[in-house]
Chemist: 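Dumping the structure here so I can ask a few things about it.
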Amino acid sequence: MYIHVICIVKFSMQLEEEIKQKQFRSKQQKAMLNIVFTASYINGEQTKLFKPYNLTPQQYNVLRILRGQNGNPASISLIQDRMLDKQSNASRLIDKLEDKKFVTRFTCPNDRRQMDISITEKGLDLLTTLDTMIIDSEKNVPIDDSEADILNNILDKIRNNQINQK
């Protein structure tokens with residue numbers, strides 16, 4: 001009796017193949033480039049996910065920040081401080097979200113020079129719609145909880161080292 005074993009090997013490309021670089025100066029250089037390349041890949045996937053809703057990942061981030069305020073308004077500086085992409089122009093993002101009726105902007109009662117931003121019901125409804133899609137996309141990350149913990153610790157260590165060197 002013969003037993004036929006079929007091996008299905010999932011093809012995955014290494015960073016070297018993806019960016020057409022044969023070698024790196026160090027393992028740390030490869031790791032840094034891998035982080036940048038992977039972040040760009042994830043951002044591209046998010047862009048595709050949000051495109052049917054005429055939303056960018058940065059606009060989505062603003063909406064999530066506002067939802068996290070639990071009904072309390074947020075200043076533009078608070079939003080900017082909490083943004084994942086620190087290079088984003090929060091004022092411009094809020095303008096776009098206001099045009100789409102996802103947020104409202106009004107003068108702060110305590111400081112007339114400051115504008116407060118709140119998420120609208122339409123914005124909350126959009127986030128509710130996107131929540132399921134985001135959860136489904138997170139399931140596609142091929143690492144278990146312990147690997148996620150290790151990855152998160154390494155990424156925190158990199159950021160904390162960069163902050164401590166400033």
Side-chain angles (χ1 to χ4, degrees), residues 5-70 74-100 102-103 117 119 123-124 126-166:
V5 178
I6 299 173
C7 292
I8 300 174
V9 178
K10 184 178 178 186
F11 180 72
S12 64
M13 293 181 75
Q14 298 295 311
L15 181 65
E16 292 87 345
E17 298 169 68
E18 291 274 355
I19 67 171
K20 310 290 188 261
Q21 184 168 337
K22 292 182 182 177
Q23 61 184 2
F24 299 93
R25 182 175 53 253
S26 64
K27 290 183 185 291
Q28 289 77 9
Q29 180 196 32
K30 180 181 177 181
M32 294 300 287
L33 291 174
N34 211 337
I35 290 167
V36 171
F37 188 78
T38 304
S40 178
Y41 169 79
I42 292 168
N43 190 55
E45 292 300 304
Q46 284 187 334
T47 298
K48 285 189 245 178
L49 182 78
F50 299 139
K51 188 173 183 169
Y53 301 93
N54 194 25
L55 200 67
T56 65
Q58 294 81 6
Q59 291 170 349
Y60 173 74
N61 186 212
V62 170
L63 291 175
R64 287 192 64 241
I65 291 166
L66 292 171
R67 177 173 63 181
Q69 288 294 106
N70 298 313
S75 67
I76 293 174
S77 63
L78 181 139
I79 293 168
Q80 185 70 50
D81 288 345
R82 294 185 184 174
M83 293 283 301
L84 295 175
D85 179 358
K86 299 296 184 188
Q87 304 305 313
S88 293
N89 182 334
S91 294
R92 193 173 125 291
L93 293 169
I94 291 162
D95 289 343
K96 300 267 186 195
L97 291 169
E98 189 175 31
D99 291 345
K100 298 172 189 179
F102 294 141
V103 303
I117 318 301
I119 191 166
L124 289 170
L126 176 62
L127 286 180
T128 299
T129 299
L130 292 172
D131 283 344
T132 304
M133 297 168 67
I134 294 296
I135 291 167
D136 287 345
S137 73
E138 290 167 357
K139 290 176 186 172
N140 291 326
V141 177
I143 58 177
D144 62 30
D145 287 350
S146 65
E147 291 170 319
D149 285 339
I150 292 167
L151 178 59
N152 285 319
N153 288 331
I154 291 168
L155 295 173
D156 289 344
K157 184 176 181 179
I158 290 169
R159 267 192 335 282
N160 289 329
N161 186 54
Q162 295 296 321
I163 291 168
N164 291 334
Q165 289 183 1
K166 289 183 181 178

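We count residues from 1, following the sequence as given. Below, all heavy atoms of this structure are taken into account, side chains as well, without hydrogens, waters or symmetry copies.
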Chemist: Side chain of Gln80, backbone of Asn89: donor and acceptor closer than 3.5 Å?
Modeler: no
Chemist: Between Asn161 (side chain) and Lys157 (backbone), is there a donor-acceptor pair under 3.5 Å?
Modeler: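 Checked: no pair found.
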Chemist: With sequence neighbours left out, write down each residue that passes side chain to side chain donor-acceptor pair (under 3.5 Å) with Glu45, or none if nothing qualifies.
Modeler: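 Side chain to side chain donor-acceptor pair (under 3.5 Å) list for Glu45, sorted by chain: Lys48.
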Chemist: Please round to the nearest 0.5 Å and tell me the distance separating atom CG of Leu55 and atom CG of Leu63.
Modeler: 6.0 Å
Chemist: Heavy atoms only: give me the nearest Arg25-Gln29 pair and the separation to one decimal.
Modeler: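 Of all heavy-atom pairs spanning Arg25 and Gln29, the closest is N-OE1, 2.5 Å.
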Chemist: Just jot down the salt bridge (charged side-chain N to carboxylate O under 4.0 Å, His left out) partners of Lys30, sequence neighbours excluded, or say none.
Modeler: Glu16
Chemist: Hey, is the main chain of Ala148 close enough, under 3.5 Å, to the side chain of Asn152 for a donor-acceptor pair?
Modeler: yes
Chemist: For Lys139, which residues count as a salt bridge (charged side-chain N to carboxylate O under 4.0 Å, His left out) partner, sequence neighbours excluded?
Modeler: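 Listed in chain order: Asp136.
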Chemist: Can you tell me how far apart OG1 (Thr56) and CG (Leu97) are? Round to the nearest 0.5 Å.
Modeler: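 Thr56 atom OG1 to Leu97 atom CG measures 7.5 Å (nearest 0.5 Å).
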Chemist: Tell me, please, which residues at least two apart from Ser146 pass side chain to side chain donor-acceptor pair (under 3.5 Å).
Modeler: Asp144
Chemist: Residues two or more places apart in sequence or in another chain: which of them pass side-chain contact (heavy atoms from CB on, under 4.5 Å) with Asp85?
Modeler: Gln58, Gln87, Ser88
Chemist: List the steps and the verdict of side-chain contact (heavy atoms from CB on, under 4.5 Å) for Gln14 and Glu17.
Modeler: CA-CA 5 Å; Gln14 298 295 311; Glu17 298 169 68; 3.8 Å; yes
Chemist: Mind checking what makes salt bridge (charged side-chain N to carboxylate O under 4.0 Å, His left out) contact with Arg64, not counting sequence neighbours?
Modeler: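 Salt bridge (charged side-chain N to carboxylate O under 4.0 Å, His left out) list for Arg64, sorted by chain: empty.
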Chemist: Does Lys86 NZ have over 12 foreign heavy atoms under 6.0 Å away?
Modeler: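 More than 12 heavy atoms, drawn from other residues, nucleotides or ligands, come within 6.0 Å of this atom.
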Chemist: Which atom pair, heavy atoms only, marks the closest approach of Ile119 to Gly123?
Modeler: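 Scanning both residues completely, I find the closest heavy atoms to be CD1-C, 3.8 Å.
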Chemist: Among all residues two or more places apart in sequence or in another chain, which pass the side chain to side chain donor-acceptor pair (under 3.5 Å) test with Gln69?
Modeler: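 Scan of Gln69 (side chain to side chain donor-acceptor pair (under 3.5 Å), adjacent residues dropped) gives Arg82.
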Chemist: When rounded to the nearest 0.5 angstrom, what is the spacing between OG1 in Thr47 and NZ in Lys51?
Modeler: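 Rounded to the nearest 0.5 Å, the OG1-NZ separation comes out at 9.5 Å.
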Chemist: Going by side-chain contact (heavy atoms from CB on, under 4.5 Å), name the residues that satisfy it together with Lys96, two or more places apart in sequence or in a different chain.
Modeler: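 Testing Lys96 for side-chain contact (heavy atoms from CB on, under 4.5 Å), a comparison that skips the adjacent residues, returns Gln59.
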Chemist: Between Ser40 and Val36, is there a donor-acceptor pair closer than 3.5 Å when you use the side chain of the first and the backbone of the second?
Modeler: no
Chemist: Check side-chain contact (heavy atoms from CB on, under 4.5 Å) between Ile79 and all other residues, then give those that pass, not counting sequence neighbours.
Modeler: Val62, Ile65, Leu66, Ala74, Met83, Ala90, Ile94, Ile117
Chemist: I'd like to know whether Ile158 forms a side-chain contact (heavy atoms from CB on, under 4.5 Å) with Ile35, so could you lay out the CA-CA distance, the side-chain angles of the two residues, the decisive distance to 0.1 Å, and finally the verdict.
Modeler: CA-CA 11 Å; Ile158 290 169; Ile35 290 167; 3.6 Å; yes
Chemist: With sequence neighbours excluded, what pairs up with Asp156 under the side chain to side chain donor-acceptor pair (under 3.5 Å) test?
Modeler: Arg159
Chemist: I'd like to check the salt bridge (charged side-chain N to carboxylate O under 4.0 Å, His left out) partners of Glu98; sequence neighbours left out, ordered by chain and number.
Modeler: Arg105
Chemist: Taking only residues at least two apart or on different chains, which pairs with a member in residues 16-53 satisfy ring-ring contact (aromatic ring centres under 6.0 Å, His included)?
Modeler: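 Checked against ring-ring contact (aromatic ring centres under 6.0 Å, His included) - neighbours excluded - the pairs reaching residues 16-53 are Phe50-Tyr60.
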